[in-house]
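Below is one structure, written out as structure tokens; comments come after it.
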Amino acid sequence: MIQKPRGTRDFLPDEMEQRRAVEKRMRDVARCWGYREVCTPEFEELELFTARSGEGIIEEMYVFEDKGGRMMALRPEITAAVQRMYLNEARVTPKPLRWCYFADCFRYERPQKGRYRQFWQFGVELIGADTPVADAEVIMLARDLLQSSGVSFSLHIGHLSFMKALLSDMDVKEQRILMRYLDKKDHEGLKSHLGRAGRAELGSSLLALLECRTLDEVIGITGKIPEYERIEETLGLLDDMDIRYSLDPGIARGLDYYTGMVFEAFADNLGAENQILGGGAYRLAHLFGGDEVPSSGFAIGFDRVMVSLGDSEGETERVVGIVYTPDTRTYALRAARAFREAGLRTETDIMGRSIGAQIAHASKSAQFVAIIGRRERESGTVTLKNLDTGDQRELDLSTAVREVVTSGPRG
RNA sequence: GCCAGGGUAGGGUAGUUGGUUAUCCUAGGGGACUGUGGAUCCCCCGACCCGGGUUCGAGUCUCGGCCCUGGCCCCA
């Protein structure tokens, strides 16, 4: 038999309902913050992604040549595409732009728990704002979104200026290597690299920086940096709004287009793949040939959030089963229409089953059955039976519909 | 790309000193039961991941591959 591609998943209705429920809560939060949804193509010109991350990431992407000989890639993330979209379509839109997305991405990687080749991200981008309160807004929104999902997490906030202050006299390439070591918390690798570069004296201050948990401690190591006041203001806002976070000067976020504030979130109950959110302030537009625009944003690893939430039982939807005899089929279908017009999930027999078998089948998912025979058809009624209580009454069709609508969901 | 552990009906399983028709539960379909449900009973459907090797004979042993799970690497 044909199997699904490696690293992809099928979702049955129960799981889809859980995912949609979480997705809906996130959408509602984003909407309340004024972030409106955008959508970009599933695939883009390969160059959109290599311009930013280098040729190396081709190995980790789904890349193909289309029939016109153009090199394309399934999007491995959304931020670059949104920036391209901004440059293409929305450069003159009043700032700031508050956008969000919920979309699937593709990466050609070794699958494991919480890591798939097709995965979904819920993300936001705030374009054209470059203030302390903009930084704070994005972080507060990140917190609200994760909170709405019900996941248990911790939020870590850093700023690239801390490391850069200590590394300011080194060239950019060297900085990048060292920041990579710091991000990975690879102390030995860091020390030996510094030793080879003849800068062993930096080791202790860099490692001490990783241990800092307050801005004052950081400044004690880096000295007063130009960004100090801005960072203090952002963190102060978060404190005033009772946002719980840890200051983590070790966050480097691998990429060089991040410019200032960076942050990550981790699920409390996941193993190796426990990062469920990452983001920060960045500049990207120049790479795509546009005027620079300060932006910030983040993406939530939606699948990891779902793994963290585990198998929780979704709300049971009210279901009505229409049970009827063969000679009342048309009346039964009209009755079903009336229940559906009231917004109820309504199912009718299409298997030619007996009355008893229809009820038996309906009772697996439904809370109500409307039983219809010749008598009900003649009088324009249905016999509404509550399968939870066993009560049943013959009611006018419209009364029966109202009865179910006002009954409220089960359990 | 690396390491470890796994793959038997849709789901969960038994079967490993190699031996007839591969066990049980559950789910699904039908019936007992054509105007009243989840019980019960009966019937049906349905599996050894793929390929090579050893053997008279492989679910079982062996090799390779694929896939899953966990970890490493990576993680935009």
Side-chain angles (χ1 to χ4, degrees), chain A residues 1-10 12 14 44 48-61 73-83 105-117 119 121 123 180 183-184 186 189 251-258 262 264 266 270-280 282 284 287 297-299 301 304 307 321-328 332 349 351-377 382-394:
Chain A
M1 267 211 300
I2 296 177
Q3 302 297 317
K4 64 183 179 295
R6 183 168 160 79
T8 64
R9 290 153 297 157
D10 296 317
L12 290 166
D14 282 348
E44 296 268 1
L48 178 68
F49 304 113
T50 54
R52 186 199 49 165
S53 309
E55 301 288 320
I57 62 158
I58 292 177
E59 292 303 308
E60 321 226 323
M61 285 195 291
L74 297 184
R75 59 187 176 201
E77 51 98 33
I78 309 287
T79 299
V82 170
Q83 284 284 309
C105 306
F106 302 84
R107 294 183 192 176
Y108 198 90
E109 293 186 289
R110 176 80 161 78
Q112 53 183 277
K113 191 176 183 65
R115 171 185 285 188
Y116 309 99
R117 289 183 171 180
F119 59 97
Q121 289 191 333
R180 177 61 57 104
D183 192 40
K184 283 195 284 191
D186 179 355
I251 299 176
R253 298 225 36 83
L255 288 175
D256 23 298
Y257 60 82
Y258 283 101
V262 287
E264 301 175 336
F266 301 89
L270 295 183
E273 302 293 325
N274 66 337
Q275 189 181 333
I276 53 173
L277 177 147
Y282 61 89
L284 209 45
L287 288 173
F298 60 85
R304 291 184 185 176
V307 172
I322 305 291
V323 170
Y324 60 96
T325 54
D327 56 332
T328 60
D349 177 63
M351 304 289 278
R353 289 186 168 117
S354 69
I355 290 285
Q358 287 183 53
I359 294 176
H361 181 259
S363 66
K364 287 167 190 162
S365 61
Q367 288 83 67
F368 292 93
V369 286
I371 301 163
I372 291 165
R374 203 168 295 169
R375 190 174 71 236
E376 287 85 354
R377 184 186 60 193
V382 300
T383 296
L384 184 69
K385 184 181 184 76
N386 183 324
L387 291 169
D388 291 336
T389 64
D391 299 337
Q392 72 175 53
R393 280 181 297 158
E394 187 172 341

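- The same atom, C1', is picked in B/G59 and in B/G37; the two are 41 Å apart, to the nearest Å.
- A/Leu12 places its CG atom 14 Å from the P atom of B/G28, with the value rounded to the nearest Å.
- Between B/A27 and B/G11, the distance separating the two C1' atoms is 7 Å to the nearest Å.
- Checking B/U34 for Watson-Crick or G-U wobble geometry (two distances, each under 3.5 Å) identifies no partner in any strand.
- Nearer to the 5' terminus of RNA chain B, by closest-nucleotide assignment, is the contact made by A/Pro326 (compared with the other of A/Pro326 and A/Arg6).
- The A/Arg115 side chain lies nearest to B/C75 when the options are B/G37, B/C75, B/G35.
- Residue A/Arg353 places no side-chain N or O under 4.0 Å from the OP1 or OP2 atom of B/U36.
- If you take CD of A/Glu264 and C1' of B/C75, they are 11 Å apart, rounded to a whole angstrom.
- Base-pair partner of B/C74: not found among the strands shown (Watson-Crick or G-U wobble, both distances under 3.5 Å).
- Taking atom P in both B/C44 and B/C24, the straight-line distance is 12 Å, to the nearest Å.
- B/U69: Watson-Crick or G-U partner is B/A4, with both key distances under 3.5 Å.
- Residues A/Pro76 and A/Arg107 share a closest heavy-atom pair of O-NE, 2.9 Å.
- Following rounding to the nearest Å, A/His361 (NE2) and B/C33 (P) show an atom-to-atom distance of 22 Å.
- With distances taken from any side-chain atom of A/Glu273 to the nucleotides B/G30, B/G35, B/C74, the minimum falls on B/C74.
- Only the P atoms considered, B/A32 is 39 Å distant from B/U20, to the nearest whole Å.
- No cation-pi contact links A/Arg117 to A/Phe106, judged by a cut-off of 6.0 Å to the six-membered ring centre and 45° from its axis.
- The side chain of A/Arg180 has B/C75 as its nearest neighbour among B/G29, B/A76, B/C75.
- The pairing partner recorded for B/G28 is B/C44, the criterion being a Watson-Crick or G-U wobble arrangement whose two distances lie under 3.5 angstrom.
- Across the P atoms, B/C42 and B/C66 are found 46 Å apart, a figure rounded to whole Å.
- Within 3.5 Å, no donor on the side chain of A/Arg107 pairs with an acceptor on the base of B/C75, nor the reverse.
- As a whole-Å value, the separation of A/Asp10 CG from B/C68 P is 12 Å.
- A/Arg110 places its CZ atom 11 Å from the C1' atom of B/A4, with the value rounded to the nearest Å.
- The shortest heavy-atom contact between A/Ser363 and A/Leu387 is CA-CD1, 3.8 Å.
- For the OP1/OP2 pair of B/C68 and a distance below 4.0 Å, the side-chain nitrogens and oxygens of A/Arg9 include no atom meeting the criterion.
- Side-chain atoms of A/Gln392 come within donor-acceptor range of the base of B/U36, with a qualifying N/O pair under 3.5 Å.
- Of the candidate nucleotides B/G29, B/G37, B/C72, B/C72 has the atom lying nearest to any side-chain atom of A/Gln112.
- When each of A/Thr325 and A/Tyr116 is assigned the nucleotide of RNA chain B with its nearest heavy atom, A/Thr325 is the one assigned upstream, toward the 5' end.
- Taking both residues in full, the closest heavy atoms of A/Glu44 and A/Ala81 are given as OE2-CB, 3.5 Å, listed atom of the first, atom of the second, then distance.
- Between A/Arg52 and A/Ala80, the shortest heavy-atom distance links the atoms NH1-CB, 4.5 Å.
- One atom, CZ of A/Arg377, and another, P of B/G35, lie 14 Å apart when rounded to the nearest Å.
- If you take atom C1' in B/G12 and the same atom in B/G31, they sit 27 Å apart, rounded to whole Å.
- A/Thr383 comes within contact range of at least one nucleobase, with a heavy-atom separation under 4.0 Å.
- One C1' atom belongs to B/G30, the other to B/G71, and the distance between them is 49 Å to the nearest Å.
- Contact annotation for A/Gly278: no contact, since no heavy-atom pair falls under 4.0 Å across all strands.
- Dashed line: the shortest gap from a side-chain N or O of A/Lys385 to OP1 or OP2 of B/G35 is not under 4.0 Å.
- Residue-level contact check: A/Gly321 touches neither bases nor backbone, having no heavy atom under 4.0 Å from any strand.
- Within the 4.0 angstrom heavy-atom criterion, base atoms lie near A/Glu60.
- Rounded to an integer number of Å, the gap from A/Asp14 CG to B/G11 C1' is 13 Å.
- Among the atoms of the strands shown, base atoms are found under 4.0 Å from some heavy atom of A/Ile57.
- Nucleotide B/U13 is matched to nothing when pairs are restricted to Watson-Crick or G-U wobble geometry with both distances under 3.5 angstrom.
- Remark: P of B/A76 and CZ of A/Phe119 are 11 Å apart, rounded to the nearest angstrom.
- In A/Asp186, the CG atom is crowded: over 12 heavy atoms of neighbouring residues, nucleotides or ligands sit closer than 6.0 Å.
- For the pair A/Lys4/A/Asp10, a side-chain contact is recorded, criterion being any heavy-atom separation below 4.5 Å from C-beta on.
- Side-chain N/O atoms of A/Glu376 and base N/O atoms of B/G35 include a donor-acceptor pair closer than 3.5 Å.
- No more than 12 heavy atoms of other residues, nucleotides or ligands shown are found within 6.0 angstrom of CZ on A/Arg374.
- Taking atom C1' on both B/U13 and B/C25, the two are 8 Å apart, rounded to the nearest angstrom.
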